[in-house]
Peer 1: 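If you scroll down you'll find the structure; I have some questions about it.
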Amino acid sequence: MEMPVEMVNHSPAFVMVAETAADEAAREALLDRAMGPKRRKKSSEKLRRGRRPSEGLAFVVRDASGAVVGTVRLWDVRLGEGGRAALLLGPLAVDPALKNAGIGSALMRHAVAEAARLGHGAILLVGDAPYYGRFGFSAAKTGALAMPGPYERHRLLALELTEGALDGAQGTLRAAGRKLKALPLTFAA
């Protein structure tokens, strides 16, 4: 389903759609442009590696030519050993040439709304509180939670989609959800 993206200025048309396998190369190139090569070393990446995004929670924004200019994905995680389920948002990225056009905000609003519609209880992310605070994220309920590997504690933010979803949550976030299927090995004779 295509969804028009509300823009700050009335630039060329943009549409938000569910990500498809055909978007992979364009998404990865966009992430490299927007975040640089260090993005693969982040703690959040450890939770995403070898996994698929949560069902129905990966979106791209296309410009009028069909090029991918924005992306966001949400991932299934567990809050601690055997803990309750939650989502991890990221990465959120927009083509640097289109910064401040409203694409990131539109992706965030859509991702949060879809996660709530699908019945998820909470979303966590590692990011800047001034930016993500306007979508309801804060560090108020993440004090007893941790990321696997190095991260800045004050940047671990959460949004409850269901009141009380993070009450008593503690421990290190763990990867959950669908694993990527291994490619079959072929042997030369």
Side-chain angles (χ1 to χ4, degrees), residues 19 27-28 30-59 70-96 99-100 102-116 118-180:
E19 177 187 300
R27 184 195 67 246
E28 290 300 311
L30 169 62
L31 291 171
D32 286 342
R33 284 193 314 277
M35 305 178 126
K38 290 184 181 176
R39 72 180 177 91
R40 289 185 171 87
K41 297 187 185 312
K42 293 184 176 190
S43 292
S44 297
E45 187 62 29
K46 291 178 183 176
L47 294 168
R48 297 188 285 258
R49 195 169 295 126
R51 302 281 175 169
R52 294 183 182 280
S54 188
E55 187 72 39
L57 293 173
F59 308 100
T71 179
V72 69
R73 296 167 123 197
L74 291 102
W75 307 81
D76 297 304
V77 294
R78 291 265 170 215
L79 305 178
E81 187 68 40
R84 67 190 78 162
L87 294 169
L88 179 68
L89 186 142
L92 168 69
V94 175
D95 188 307
K99 193 174 179 181
N100 299 321
I103 295 171
S105 293
L107 280 163
M108 282 298 298
R109 284 191 304 273
H110 186 69
V112 168
E114 281 299 294
L118 292 171
H120 293 279
I123 303 172
L124 290 93
L125 60 81
V126 178
D128 296 324
Y131 180 82
Y132 292 104
R134 62 188 159 142
F135 305 106
F137 287 83
S138 77
K141 292 197 173 183
T142 61
L145 294 169
M147 293 291 292
Y151 71 104
E152 296 173 79
R153 177 164 289 287
H154 70 279
R155 292 172 46 91
L156 181 57
L157 309 174
L159 169 67
E160 285 185 326
L161 302 173
T162 303
E163 189 173 336
L166 295 173
D167 289 353
Q170 62 183 8
T172 300
L173 273 64
R174 302 200 180 280
R178 306 173 304 156
K179 291 185 178 181
L180 290 173

Peer 1: Just distance, no hydrogens or angles: give the donor-acceptor pairs under 3.5 Å from side chains in residues 124-136, sequence neighbours left out.
Peer 2:
residue: Asp128; atom: OD1; partner: Arg155; partner atom: NH1; Å: 2.3
residue: Arg134; atom: NE; partner: Tyr131; partner atom: O; Å: 3.1
residue: Arg134; atom: NH1; partner: Ser105; partner atom: OG; Å: 3.3

Peer 1: Apply side chain to side chain contact (heavy atoms under 4.5 Å, CB included) to Trp75 and Ile123, showing your working.
Peer 2: CA-CA 9 Å; Trp75 307 81; Ile123 303 172; over 6 Å; no
Peer 1: Applying salt bridge (charged side-chain N to carboxylate O under 4.0 Å, His left out), which residue pairs with at least one partner in residues 85-95 are found, sequence neighbours left out?
Peer 2: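 Of all non-adjacent pairs touching residues 85-95, those that pass salt bridge (charged side-chain N to carboxylate O under 4.0 Å, His left out) are Arg33-Asp95.
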Peer 1: Could you go through Phe137 and Met108, starting from their C-alpha distance and side-chain angles, then the distance that decides it, and tell me whether this counts as side chain to side chain contact (heavy atoms under 4.5 Å, CB included)?
Peer 2: CA-CA 11 Å; Phe137 287 83; Met108 282 298 298; 3.6 Å; yes
Peer 1: What heavy-atom pair brings Gly104 and Val94 nearest, and what distance separates the two atoms?
Peer 2: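 Looking at all heavy atoms of both residues, the shortest contact is N-CG2, 3.6 Å.
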Peer 1: Measure the spacing between CZ of Arg49 and NZ of Lys179 and express it to the nearest 0.5 Å.
Peer 2: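 It comes to 14.0 Å.
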Peer 1: Got a second to check how far Leu30's CG is from Arg27's CZ, nearest 0.5 Å?
Peer 2: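 The CZ atom of Arg27 is 9.5 Å from CG of Leu30, to the nearest 0.5 Å.
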Peer 1: Would you indicate whether the side-chain heavy atoms of Val112 and Leu161 approach each other to under 4.5 Å?
Peer 2: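 Yes, at least one pair of side-chain atoms sits under 4.5 Å.
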Peer 1: Please name all residues satisfying ring-ring contact (aromatic ring centres under 6.0 Å, His included) with Phe59, sequence neighbours left out, ordered by chain then number.
Peer 2: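 Scan of Phe59 (ring-ring contact (aromatic ring centres under 6.0 Å, His included), adjacent residues dropped) gives His110.
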Peer 1: Testing the basics here: between Ala85 and Arg78, what is the closest heavy-atom pair and its distance to 0.1 Å?
Peer 2: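 That would be N-NH1, 3.2 Å.
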Peer 1: Give the C-alpha distance, both sets of side-chain angles, the deciding distance and a yes or no for side chain to side chain contact (heavy atoms under 4.5 Å, CB included) between Arg178 and Arg51.
Peer 2: CA-CA 6 Å; Arg178 306 173 304 156; Arg51 302 281 175 169; over 6 Å; no
Peer 1: Could you measure the distance from the CD1 atom of Ile103 to the OG1 atom of Thr71? Nearest 0.5 Å is fine.
Peer 2: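 The CD1 atom of Ile103 sits 12.0 Å away from the OG1 atom of Thr71.
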Peer 1: Output side-chain donor-acceptor pairs under 3.5 Å for residues 162-177, partner residues at least two apart or in another chain, one line each.
Peer 2:
residue: Asp167; atom: OD1; partner: Lys141; partner atom: NZ; Å: 2.6
residue: Arg174; atom: NE; partner: Glu81; partner atom: OE1; Å: 3.0
residue: Arg174; atom: NH2; partner: Glu81; partner atom: OE1; Å: 3.2

Peer 1: Among residues at least two apart in sequence or on other chains, which ones pass side chain to side chain donor-acceptor pair (under 3.5 Å) with Thr142?
Peer 2: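 So Thr142 forms no side chain to side chain donor-acceptor pair (under 3.5 Å) with any residue.
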Peer 1: Minimum heavy-atom separation for Leu92 to Met35, with atom names?
Peer 2: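 So the minimum-distance heavy-atom pair works out to O-CE, 3.7 Å.
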Peer 1: Side chain to side chain donor-acceptor pair (under 3.5 Å) with Arg153: which residues, sequence neighbours excluded?
Peer 2: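 Result, side chain to side chain donor-acceptor pair (under 3.5 Å) vs Arg153: Tyr151.
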Peer 1: Apply the test side chain to side chain contact (heavy atoms under 4.5 Å, CB included) to residues His120 and Asp76: give CA-CA distance (whole Å), side-chain angles for both, the deciding distance (0.1 Å), then the verdict.
Peer 2: CA-CA 10 Å; His120 293 279; Asp76 297 304; 4.0 Å; yes
Peer 1: Does the side chain of Arg48 come within less than 4.5 Å of Pro91's, by heavy atoms?
Peer 2: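 Answer yes - side chains close enough.
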Peer 1: Distance from Leu89 atom CG to Leu57 atom CG, nearest 0.5 Å?
Peer 2: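 Here the interatomic distance stands at 9.5 Å.
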Peer 1: Are any of the side-chain heavy atoms of Leu74 and Pro53 separated by less than 4.5 Å?
Peer 2: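 SC-SC contact between Leu74 and Pro53 ruled out.
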Peer 1: Can you see which heavy atom on Leu157 is nearest to which on Ala139, and at what distance?
Peer 2: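 Nearest heavy atoms, Leu157 then Ala139: CD2-N, 3.7 Å.
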